[in-house]
J.: 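The structure follows.
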Amino acid sequence: MATTVSFAVGSPTGHRTVDVSYERTGSGEPLVLLHGIGHHRQAWDPVLRILALERDVIAVDLPGFGASPALPEGLTHDLGTMVPVLGSFFDALGVVRPHVAGNSLGGLLALELGRERLVRSVTALSPAGFWTRGERRYAFGVLRAMRGAALSMPMPVIERLSRSAPGRTVLTSTIYARPGRRSPGAVVSETVALREAAGFRETLDAGRAVEFTDDVPDIPVSIAWGSKDRLLVPRQGVRAKRAIPGARLVRLPGCGHVPMNDDPAAVARVILDTSRRPAAASAPAQYA
């Protein structure tokens, strides 16, 4: 069941109250899960049960997405704001340096949290920020088209499409390699989440200036990429490995941009293996 926590964050014009919705389950060392742009915490549902066997799992609706309202006036949806917001979120929950796993935008945020030493390990699934200009323009164009379709499609059409595997393919094949596996209810819910995402436009606009080039030393880092990622193409993983030489680079065969639904066991294994690695450990690429 989702819970909402409120906490204060500093802004140029004074402190502002931020509300974040999250779901918490399991026991063990804390593990925070961060979704991608236009998505919501339920993107992690396929792996929650596995992860919760070993970890105190905290699946977050990022501000402006899912059940979390947009950031209040004075705070912007960019990396410079979101990283301290997430740090304050950890403090509000009494969580000290959790493990973190993120997908797409969430993967970029996870890496930034690692660079700021706010977490003890990072698993980034198809993280944003390792694109060329052309690849970024392509990805942003696809995301805008997805958002436009979600905004224009009447609910009865969404619900009707969700009831068949071909219809679910129409709605979600850009992010899943195996969209037919997604349940009808999940497809409806995430399509609604995309069209109601209050932080979508500002987050996407802020992403135009993003390029991740710094190392993330001294903590375990894994970067995993689906071999069938149609949004952020897999060759971006090679650039990520060059930027973060100590990272383990893992190929997820047959997975799309949001791999948690395509192969839950493989994704959970990567996350748990990363969280078990000792600090300062490095690993060679496992990418082909």
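Scope of the values below: all heavy atoms of this structure, side chains included, with no hydrogens, waters or symmetry mates. Since the model is a prediction, treat every value here as computed from it, not as a measurement.
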J.: Could you walk me through whether V267 and N103 satisfy the side-chain contact (heavy atoms from CB on, under 4.5 Å) test, starting with their C-alpha distance in whole Å, then the side-chain angles of each, then the deciding distance to 0.1 Å, before giving a yes or no?
T.: CA-CA 11 Å; V267 170; N103 173 225; over 6 Å; no

J.: Does anything in residues 136-151 pair up under salt bridge (charged side-chain N to carboxylate O under 4.0 Å, His left out), and if so which pairs, sequence neighbours excluded?
T.: none

J.: Any chance CZ of R117 has more than 12 other-residue heavy atoms, nucleotides or ligands included, within less than 6.0 Å?
T.: yes

J.: Quick one: are D273 and R248 in side-chain contact, heavy atoms under 4.5 Å?
T.: yes

J.: Strictly distance-based, threshold 3.5 Å: is any side-chain N or O of R168 a donor or acceptor partner for the main-chain N or O of S162?
T.: yes

J.: Answer yes if V187 and L231 sit in the same cluster of Ile, Leu, Val, Met, Phe, Trp and Tyr residues linked by side chain heavy atoms under 4.5 Å apart, and no otherwise.
T.: no

J.: Might you point out which heavy atoms bring G38 and A197 nearest each other, and give the distance in Å?
T.: CA-CB, 4.4 Å

J.: If you take all heavy atoms of A43 and M260, which pair is closest and at what distance?
T.: O-CE, 3.6 Å

J.: For the atom pair NE2 (H35) and OG (S104), what is the distance rounded to the nearest 0.5 Å?
T.: 11.0 Å

J.: Looking just at side-chain N and O atoms, do D78 and T81 make a donor-acceptor pair shorter than 3.5 Å?
T.: yes

J.: Taking CZ in R201 as the centre, count heavy atoms belonging to other residues, nucleotides or ligands within less than 6.0 Å. Is the count above 12?
T.: no

J.: With side chains defined as the heavy atoms from C-beta onward, is the minimum distance between I37 and F200 less than 4.5 Å?
T.: yes

J.: Do E135 and V233 pass the side-chain contact (heavy atoms from CB on, under 4.5 Å) test, and can you show the C-alpha distance, the side-chain angles, and the key distance before you say yes or no?
T.: CA-CA 8 Å; E135 289 166 350; V233 291; 3.8 Å; yes

J.: Over all heavy atoms of both residues, which pair between L118 and G87 is shortest? Give the atoms and the distance, please.
T.: CD1-CA, 4.4 Å

J.: Ignoring hydrogens and angles, tell me if any N or O in the side chain of S189 forms a donor-acceptor pair with the backbone of G185 under 3.5 Å.
T.: no

J.: Spell out, yes or no, whether V142 and L171 are grouped together once hydrophobic residues are joined by side-chain heavy atoms under 4.5 Å, including indirect joins.
T.: no

J.: Out of curiosity, does V188 fall in the hydrophobic cluster containing I175 (side-chain heavy atoms, cut-off under 4.5 Å, transitive links)?
T.: no

J.: To the nearest 0.5 angstrom, please state how far the CZ atom of R239 sits from the OG1 atom of T132.
T.: 5.5 Å

J.: Test your reading of the model: is there a side-chain donor-acceptor pair from S68 to the backbone of S21, 3.5 Å cut-off?
T.: yes

J.: Any link between V192 and L151 through a network of hydrophobic side chains (Ile, Leu, Val, Met, Phe, Trp, Tyr) touching at under 4.5 Å?
T.: no

J.: If we only count heavy atoms from C-beta on, is the R120 to P30 side-chain gap below 4.5 Å?
T.: yes

J.: Could you tell me whether the side chain of S222 reaches within less than 4.5 Å of the side chain of R277, counting heavy atoms only?
T.: yes

J.: Would you give the length of the straight line joining atom CD of E54 to atom CG of L272, rounded to the nearest 0.5 angstrom?
T.: 4.5 Å

J.: Enter the distance from L51:CG to L33:CG here, rounded to the nearest 0.5 Å.
T.: 6.0 Å

J.: Would you name the heavy atoms of G102 and A110 that are closest together and state the gap between them?
T.: N-CB, 4.2 Å

J.: Distance from T172 atom OG1 to M146 atom CE, nearest 0.5 Å?
T.: 8.5 Å

J.: If you compare all heavy atoms of P72 against all heavy atoms of R16, which two are closest, and at what distance to 0.1 Å?
T.: CG-CB, 3.6 Å

J.: Donor-acceptor pair, W225 side chain versus L232 backbone, under 3.5 Å?
T.: yes

J.: Just so I know, are the side chains of V258 and R182 near enough to count as touching, which here means a heavy-atom distance under 4.5 Å?
T.: no

J.: Please determine whether side-chain contact (heavy atoms from CB on, under 4.5 Å) holds for the pair S275 and E29, giving the CA-CA distance in whole Å, both sets of side-chain angles, and the decisive distance to 0.1 Å.
T.: CA-CA 9 Å; S275 70; E29 295 179 353; 5.5 Å; no

J.: Would L143 and V170 show up in the same hydrophobic cluster when neighbours are defined by side-chain heavy atoms closer than 4.5 Å?
T.: no

J.: So which of H39, R41, H40 actually passes side-chain hydrogen bond (donor to acceptor under 3.5 Å, both in side chains) with D61?
T.: R41

J.: R230: what forms a side-chain contact (heavy atoms from CB on, under 4.5 Å) with it, not counting sequence neighbours?
T.: S173

J.: Is it the case that the side chains of T274 and H99 hold a donor-acceptor pair, with the cut-off being a distance below 3.5 Å and no angle test?
T.: no

J.: Going by heavy atoms in the side chains, are F212 and I244 under 4.5 Å from each other?
T.: yes

J.: Is any side-chain heavy atom of D262 closer than 4.5 Å to one of R181?
T.: no

J.: With sequence neighbours left out, write down each residue that passes side chain to side chain donor-acceptor pair (under 3.5 Å) with R24, or none if nothing qualifies.
T.: D56

J.: Take V32 and V119, measure what side-chain contact (heavy atoms from CB on, under 4.5 Å) needs, and give me the verdict at the end.
T.: CA-CA 9 Å; V32 175; V119 297; over 6 Å; no

J.: Is there a side-chain contact between F7 and V85, using heavy atoms and a 4.5 Å cut-off?
T.: yes

J.: Please say which of V57, L48, V60, I58 ends up in a side-chain contact (heavy atoms from CB on, under 4.5 Å) with E23.
T.: L48

J.: Please name the pair of heavy atoms, one in E202 and one in L75, separated by the smallest distance, quoted to 0.1 Å.
T.: OE2-O, 4.4 Å

J.: Nearest 0.5 Å please: distance from the CD atom of E196 over to the CZ atom of F65.
T.: 13.0 Å

